[in-house]
Amino acid sequence: MRYLPLTEQDRREMLAVIGAKSVDELFRDVPQSARLPAKIASLPDHQGELEVERAFQAYAAKNVSPASAPSFIGAGAYRHHVPSTVDYMIQRGEFLTSYTPYQPEITQGTLQYLFEFQTQITLLTGMEVANASMYDGSTAAAEAVLMANRVTRRHKALISGGLHPQYRSVIETTGRWEGFSAVVGKPDVDGHEDLAANVDKETSCVVVQNPGFFGHVRDFTELAAACHAAGALLIVVVTEVVSLGLIKPPGEMGADIVVCEGQSIGNGLGFGGPYVGLFATREKYMRQMPGRLVGETVDADGKRGFVLTLSTREQHIRREKATSNICTNAGLCALAFTVHLTLLGEAGFRRLAEINHAKASELAHRLAAVTGVQLLNESFFNEFTVRLPRPAAAVVEALAAKCILAGLPVSRLIPDDPSVANLLLLAATETATEHGMGRLVAGLKEVL
């Protein structure tokens, strides 16, 4: 949206039309105690469009962009190459301006690509049914816990210490208002956490992540069996969906619900969004699944067509009985995901995953040779954790000054735990280069 400043004359005319004497009168319902006593001194007065553009360009110039510097930042948002074909396709008018397909007779195109999207998600996750997207991975994880509570009629979720801290926070916040408890494990730095012993008859679900927040890759088959023996569900979270090109799908491990962040396919980093949540489950739980489901049918003439088979959201007739309060989906981001994955195909997707793992393996090998750097992972996909001889946050800042984005200090997301102060989380995707890795290694040797 463009910035269009108002003049004093504009304000007077607008106030006259609505019958208000001043701008302050518009806020008369706000208690005086809730208002600031004066303007914020550090904020400038309104300016013209050209001045505003110059100001924000100056702010932007202070950032080190992953597009202009070696970047090894991951932690749930990954820099991948998105083919230009993806943007070209999703910016076509029939896709860019389409909205919720309430009327199937005029939205067959939208319904068809959502159907294809669902099919891709089930194939990737090894599950039986997927919905037509959700906001993002973190809110999908919270919705998965709510769904498990409905299925089991229990209200206690066990949260792995290997789950992304922000995902954990969303689940905890949801639990505070939806009336379930979230029992959170300690940060699973070494990847050896054993949750099976904590599953009891009150547990509705266990939430794990694979690869975990610290990069560890695990097989949760035994944990799934322990959950099922206790009548609980296993929820597997995947923040790096490209990993499913190499790693055993959660469905083959016995997962009951799988949620993913789909940003890595078709969607750029975009300063934090918008992203797309993926959600898949077993067919027997389909009616408790949040969001909506596009199905295939035939019309009156016997021709293939698509409809909303399941859409028990609150703005439909279900209202308070709806399985979800998500009001819309991330349709355009889902389309970008589908276009990109279609361009890759199965062989291309597997090759992309292989390249990611190879790049990360090379980076890990080179970093492990740096004095004072300790690799903490026995296994990983394209992301791993190292322990530095001093606090990682200061190291990251020092390298950013050299235009090197060296990863994420774990303390940024887990600030209250001094045991993680020296931990650095790094990711290497297909965008990593030999030159960039060399700069990171050289930079670390200088600042450590």
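Because only heavy atoms are used, hydrogens play no part in the values below, and waters and symmetry mates are left out as well, while side chains stay in.
By the 4.5 Å heavy-atom criterion applied to side chains, L293 and M289 are counted as neighbours. In this structure, the side chains of I159 and V183 stay at 4.5 Å or more apart for every pair of heavy atoms. Looking at L233 and Y285, their side chains come closer than 4.5 Å, going by heavy atoms from C-beta outward. Looking at Q209 and T239, their side chains come closer than 4.5 Å, going by heavy atoms from C-beta outward. At least one side-chain heavy atom of F381 sits less than 4.5 Å from a side-chain heavy atom of V242. A 4.5 Å side-chain heavy-atom check between L367 and L440 finds at least one atom pair inside the cut-off. Counting heavy atoms from C-beta on, the side chains of F213 and D188 never come closer than 4.5 Å. Looking at heavy atoms from C-beta onward, V276 lies in side-chain contact with L278 at the 4.5 angstrom threshold.
Here the closest non-hydrogen pair linking P70 and C403 is CD-O, 3.4 Å. The shortest heavy-atom contact between P211 and I247 is CG-CD1, 3.8 Å. Among all heavy-atom pairs drawn from F72 and A406, the shortest one is CB-C, 4.2 Å. F279 and P290 make their closest contact through CZ-CD, 3.5 Å (heavy atoms, listed as atom of the first residue, atom of the second, distance). What you find for V184 and E172 is that their closest heavy atoms are CG2-OE2, 3.3 Å. Across all non-hydrogen atoms, the minimal contact from V241 to G262 is CG1-CA, 4.3 Å.
Judged by distance alone, with hydrogens and angles left aside, the side-chain atoms of R79 form no donor-acceptor pair with the main-chain N or O of S264 at under 3.5 Å. Looking at N131, its side chain never comes within 3.5 Å of a backbone N or O of M134 through a donor-acceptor pair. Judged by distance alone, the side chain of N377 and the main-chain N or O of T385 form a donor-acceptor pair under 3.5 Å. At least one donor-acceptor pair under 3.5 Å links the side chain of T281 to the backbone N or O of D256. Proximity of a side-chain donor or acceptor of S411 to a complementary backbone N or O of I414 within less than 3.5 Å is not detected. Side-chain N or O atoms of R54 include none that pairs as donor or acceptor with a backbone N or O of E49 at under 3.5 Å. In this structure a side-chain-to-backbone donor-acceptor pair under 3.5 Å is missing from R168 to G185. When atom types are taken as modelled, the side chain of E261 and the backbone of G76 share no donor-acceptor pair closer than 3.5 angstrom. Using a distance-only test at 3.5 Å, with no hydrogens or angles considered, a donor-acceptor pair links the side chain of D10 to the main chain of T7. A donor-acceptor pair is defined here as one N or O able to donate and one able to accept, closer than 3.5 Å; such a pair exists between the side chain of R11 and the backbone of L6.
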I would like to know whether L424 and V373 meet side-chain contact (heavy atoms from CB on, under 4.5 Å); could you show each step before the answer? CA-CA 10 Å; L424 178 63; V373 177; over 6 Å; no
For side-chain hydrogen bond (donor to acceptor under 3.5 Å, both in side chains), just list the numbers for H81 and E430, CA-CA rounded to whole Å, side-chain angles, deciding distance to a tenth of an Å, and then say yes or no. CA-CA 7 Å; H81 171 67; E430 74 281 3; over 6 Å; no
Going through the checks in order, is the side-chain hydrogen bond (donor to acceptor under 3.5 Å, both in side chains) test met by S22 and D24? CA-CA 5 Å; S22 67; D24 288 339; 5.0 Å; no
Full working for side-chain contact (heavy atoms from CB on, under 4.5 Å) between L448 and V370: CA-CA 10 Å; L448 288 179; V370 177; 4.2 Å; yes
Salt bridge (charged side-chain N to carboxylate O under 4.0 Å, His left out) between R366 and E362, worked out: CA-CA 6 Å; R366 297 176 70 166; E362 179 183 354; 3.5 Å; yes
side-chain contact (heavy atoms from CB on, under 4.5 Å) between T110 and V294, worked out: CA-CA 10 Å; T110 298; V294 177; over 6 Å; no
Verdict with supporting geometry, L376 and D190, side-chain contact (heavy atoms from CB on, under 4.5 Å): CA-CA 7 Å; L376 301 185; D190 60 8; over 6 Å; no
Output, in order, the C-alpha distance, side-chain angles, deciding distance and verdict of salt bridge (charged side-chain N to carboxylate O under 4.0 Å, His left out) for D417 and K186. CA-CA 10 Å; D417 188 343; K186 295 181 180 180; over 6 Å; no
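The line from CZ of F349 to CD1 of I265 is 5.0 Å long, rounded to the nearest 0.5 Å. The CG atom of L388 lies 10.0 Å from the CD atom of Q374; values are rounded to the nearest 0.5 Å. Rounded to the nearest 0.5 Å, atoms CG (L163) and CG (L158) are 12.5 Å apart. Taken to the nearest 0.5 Å, the CD atom of Q166 stands 12.5 Å off from the CD1 atom of I171. Atom CD of Q112 is separated from atom OG1 of T107 by 11.5 Å, given to the nearest 0.5 angstrom. C333 contributes atom SG, which lies 10.0 Å from atom OH of Y275 (distance to the nearest 0.5 angstrom).
A donor-acceptor contact closer than 3.5 angstrom is absent between the side chains of S65 and N63. The closest side-chain donor-acceptor pair between E193 and S160 falls under 3.5 angstrom. Side chains of T342 and Q120: a donor on one and an acceptor on the other come within 3.5 Å. Judged by distance alone, the side chains of R12 and Q9 do bring a donor and an acceptor atom under 3.5 Å apart.
Within 6.0 Å of CZ on R35 lie more than 12 heavy atoms contributed by other residues, nucleotides or ligands. Surrounding CD of E378 are at most 12 heavy atoms belonging to other residues, nucleotides or ligands under 6.0 Å away. Other residues, nucleotides and ligands contribute more than 12 heavy atoms inside 6.0 Å of the NE2 atom of H192.
In summary, of the residues considered (T429, N210, N356, N382), a side chain to side chain donor-acceptor pair (under 3.5 Å) with E240 occurs for N382 alone.
Ring-plane geometry between F380 and F384 is classed as tilted, the angle between the planes lying from 30 to 60 degrees on a 0 to 90 degree scale. Taking the six-membered ring where tryptophan is involved, the planes of F115 and F306 are tilted, since the angle between them lies from 30° to 60°.
A side chain to side chain donor-acceptor pair (under 3.5 Å) check over residues 84-94, counting only residues at least two apart or in different chains, returns the pairs R92-E94.
With respect to R350 and E346, a salt bridge is recorded, a charged nitrogen being found less than 4.0 Å from a carboxylate O.
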